[in-house]
Amino acid sequence: MYLQLAINTPLYRTFEYKLSFDLKIEGVNLIGCRALVKFGNRKTVGIIVEQSEKQTYTGKGAVKEIEEILDDSPIFDKYNIQLLKWAASYYHYPIGEVFYTAMPLLLRKPEKAGLKPIDLWTFVSDADTSCISRAKACKAALNIIREAPCTSHKLKELGINQAIITKLFNLGLITKSNLRDQVHEWDKNNISITDAKILNDEQQHAYDVISASHGFNAFVINGVTGSGKTEIYLQLIAKTLKQGKQALVLVPEINLTPQTVKRFYDRFNVPIVCIHSSLNDNERFESFAMMKRNEAAILIGTRSALFANIPNLGIIIIDEEHDSSYRQGDGFRYHARDCAVMLAFIRQIPIIMGTATPSIETVNNIQKKKYTEIILSKRAGNASDAIFNIIDMRRQIINHGISKELSLHINEELGKGNQVLLLINRRGYSQKLICHNCGYVFMCKNCDSNLTYHMTENRLVCHHCETKFIIPHQCPECGFTELTPTGNGTEQIFEHIQQLFPNSNPVRIDRDAINRKGVLNTILDDINNNKYNIIIGTQMLAKGHHFPNVTLVGIIDIDSCLFSNNYRAHEQLAQLIVQVAGRSGRGEKQGYVYLQTHTPDHPVLSTLLNYGYHTFAEECLKKRKQMMLPPFTNYAILKADGTEREKVISFIYDAYNFMNSQSSKFSNLVIMKPTSAYITRKQNRYHFYVLINSRAKRDLSEFVDLIIANIDRFQCKSSVHSVIEIDPLGNE
DNA sequence: AGCACGCCGACT
DNA sequence: GTCGGCGTGCTC
Ligand SMILES: [Zn+2]
Ligand SMILES: [Zn+2]
């Protein structure tokens with residue numbers, strides 16, 4: 001038999017291997033299993049994706065033999081394989097690398113993998129128990145095990161320690177086996193649901209509409225924070241579980257907290273597993289394996305959980321659909337939301353996307369009736385909407401980025417015993433360090449970028465390559481010793497707030513302040529216990545975390561987002577503003593959001609604040625259409641980088657000339673001139689790109705195929721690294 | 001991406 | 001002589 005393997009190598013094809021008779025196992029489906037093979041002259045692991053009786057490879061060189069089949073059963077089922085093959089072709093990424101990224105780390109190693117054994121203790125029926133008749137603890141333990149076989153974990157919960165178990169085992173009264181040898185599927189006939197809430201009219205309507213659907217359907221639940229989206233998810237999952245089906249819940253990285261998971265644990269008695277960054281390789285593999293074995297019923301995970309093997313998948317939930325963490329930024333670049341919709345289509349099941357601020361792509365899909373939108377307008381309890389205020393910075397006394405007006409409002413809220421949240425999109429003390437005499441800006445020696453001054457660390461840090469430099473005493477150009485920090489960062493705002501409000505308790509939250517695990521949770525607990533009353537941080541605070549005592553949110557600088565050259569910047573700003581409003585003011589307390597800007601009349605602000613996100617999104621969509629931007633057109637980007645600037649330029653121009661020579665064979669193509677990246681030199685590598693745009697996805701896809709088929713022929717290819725990205729984040 | 005092969009310069 | 005520099009080419 002001949003097998004096609006996907007192998008982790010940057011090549012766009014599968015490789016054929018021969019399976020000898022003695023490796024064939026009767027009744028085992030090989031498709032989706034891993035195989036150990038020689039590839040070139042190294043041994044590696046490949047995934048079997050196709051099989052045939054006859055040899056199909058006709059090129060030169062002999063077909064090699066498979067050395068070992070590494071799995072007893074496929075790690076990927078036919079749906080996984082269909083999704084991954086689709087993703088490889090849609091994103092034009094090497095199929096082996098696509099499969100590799102979808103695998104838990106433990107399965108990437110070229111060796112067999114199994115769940116770590118769990119000891120199961122069973123009573124020996126004809127045992128003579130007289131020898132322990134006087135030992136009370138042993139007798140109690142034996143009675144429990146006599147009832148039903150037990151794991152050490154279960155026995156520990158019942159107060160029986162390992163020493164007693166070992167004693168019983170040594171006496172031959174109980175036997176040991178591995179619980180994992182048998183599959184213990186979750187019990188669909190014994191589902192208990194705890195504390196389900198009564199749905200309000202809108203929630204009930206959403207539930208009814210989704211429940212009534214059959215096969216593939218994409219729904220968008222559009223509801224503000226506190227409108228009860230999660231309750232709908234939970235009840236839809238309950239219905240799915242009762243049908244014996246499993247559920248997949250995707251959440252943004254930052255939202256996958258113990259509290260989120262607890263809501264699911266508290267509701268259901270079925271086994272629930274997670275896949276997220278703080279789990280180790282073994283734990284992730286365990287979650288993956290338990291879903292595959294149908295031992296767990298619900299998987300809650302970040303974007304990569306999308307590729308898990310879930311044999312009885314019945315529903316997909318994707319919370320905060322618009323969130324940027326669904327986009328994978330390096331290696332195989334994919335969008336988990338788009339892939340999840342494809343997965344739901346492949347499996348013919350419903351997918352529910354929840355958000356208060358649907359992405360512009362999603363709004364377009366709603367308008368095109370690809371997705372069904374369900375609106376939740378009611379907030380739970382008597383919570384009222386936050387009040388927005390624009391602070392016109394042009395007529396203000398500004399001190400360290402904080403206007404007089406904002407500081408007065410902060411003072412007022414602090415006086416009432418409320419908390420204040422300030423967002424700055426820059427960490428460190430100052431964005432730059434400038435010579436006060438000649439204006440020299442301290443730059444990174446590896447990148448075309450200025451260094452950020454970090455006061456706590458007492459270093460100049462490059463935010464592009466993380467290199468740290470000792471702070472010089474004088475300007476290298478003129479020798480002047482007075483160096484001025486410019487551009488407020490979180491550290492500087494923190495320092496200024498301490499001076500402005502000497503009696504306040506401010507806390508700073510950014511990547512630098514929470515570098516150790518667990519620190520964030522400690523700070524968040526302290527905030528909820530009112531240990532702090534001013535929270536200063538980067539935009540990581542705007543997502544996921546709830547601050548019930550915060551009544552004022554100030555966004556220090558929104559102008560950089562208003563005047564960014566990235567076409568997605570306005571969308572992101574609008575989402576940030578709305579999300580932030582959801583974080584402030586709960587119950588009786590009125591929440592306020594202050595936006596500091598030099599352009600208070602900007603149409604984005606007036607539309608958003610006067611007419612709401614929905615109208616903003618419609619306006620944004622109209623503008624995208626006028627400007628021929630996604631989702632009305634499609635982008636692909638060819639990125640090139642290398643250590644020698646001239647070689648990268650030769651490569652990118654050769655690629656560009658090739659594209660121009662071929663573009664007439666395609667319609668609707670626009671190829672933009674090669675451009676240097678915003679930061680051209682990053683870690684001593686020079687970055688250039690060509691953007692390709694097309695109204696038709698198909699034309700673009702075929703054109704990209706043609707580029708890939710010729711990419712090795714472009715000048716200097718051997719010393720230039722290149723990637724093609726589909727639906728890139730912006731225009732770089 | 002890895003990894004080997006191969007062809008030139010410089011070093012014991 | 002031969003050690004190693006990295007340009008080139010291949011992976012079923
Ligand atoms: Zn100077
Ligand atoms: Zn740098």
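In the text below, chain A, chain B and the rest are named by the order of the sequence lines, each starting its count at 1.
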field: CA sep, side-chain torsions, deciding dist, call: His463(A), His454(A), ring-ring contact (aromatic ring centres under 6.0 Å, His included)
entry: CA-CA 11 Å; His463(A) 284 188; His454(A) 286 244; 5.2 Å; yes
Atom [atom1] of [X] to atom [atom2] of [N]: distance rounded to whole Å?
X         : N       : atom1 : atom2 : answer
Phe39(A)  : dA1(B)  : CZ    : C1'   : 10 Å
Asp712(A) : dT8(C)  : CG    : P     : 13 Å
Arg42(A)  : dC12(C) : CZ    : C1'   : 13 Å
Ile7(A)   : dG2(B)  : CD1   : C1'   : 13 Å
Lys43(A)  : dG2(B)  : NZ    : C1'   : 17 Å
Lys717(A) : dG7(C)  : NZ    : P     : 15 Å
Lys64(A)  : dT11(C) : NZ    : C1'   : 7 Å
Arg713(A) : dG9(C)  : CZ    : P     : 13 Å

field: Tyr440(A) atom OH, neighbour heavy-atom count above 12 within 6.0 Å
entry: yes
Heavy-atom side-chain contact between Arg337(A) and Thr362(A) under 4.5 Å: yes
query: Is there side-chain contact between Cys561(A) and Asn425(A), with heavy atoms separated by less than 4.5 Å?
result: yes
task: Find which nucleotide of DNA chain B each of His721(A) and Asn41(A) is nearest to by heavy atoms, and output the residue with the more 5' nucleotide.
output: His721(A)
- prompt: Nearest to the side chain of Ser718(A), which nucleotide is it out of dC12(C), dT8(C), dA1(B)?
  reply: dT8(C)
query: dC12(C), dA1(B), dC10(C): which one has an atom nearest the side-chain heavy atoms of Phe15(A)?
result: dC12(C)
- prompt: Is the shortest side-chain N to carboxylate O distance from Arg681(A) to Asp448(A) below 4.0 Å?
  reply: yes
Counting any heavy atom closer than 4.0 Å, what does [X] reach on the DNA or RNA strands: base, sugar-phosphate only, or nothing?
X        : result
Lys38(A) : sugar-phosphate
Leu11(A) : base
Tyr17(A) : sugar-phosphate

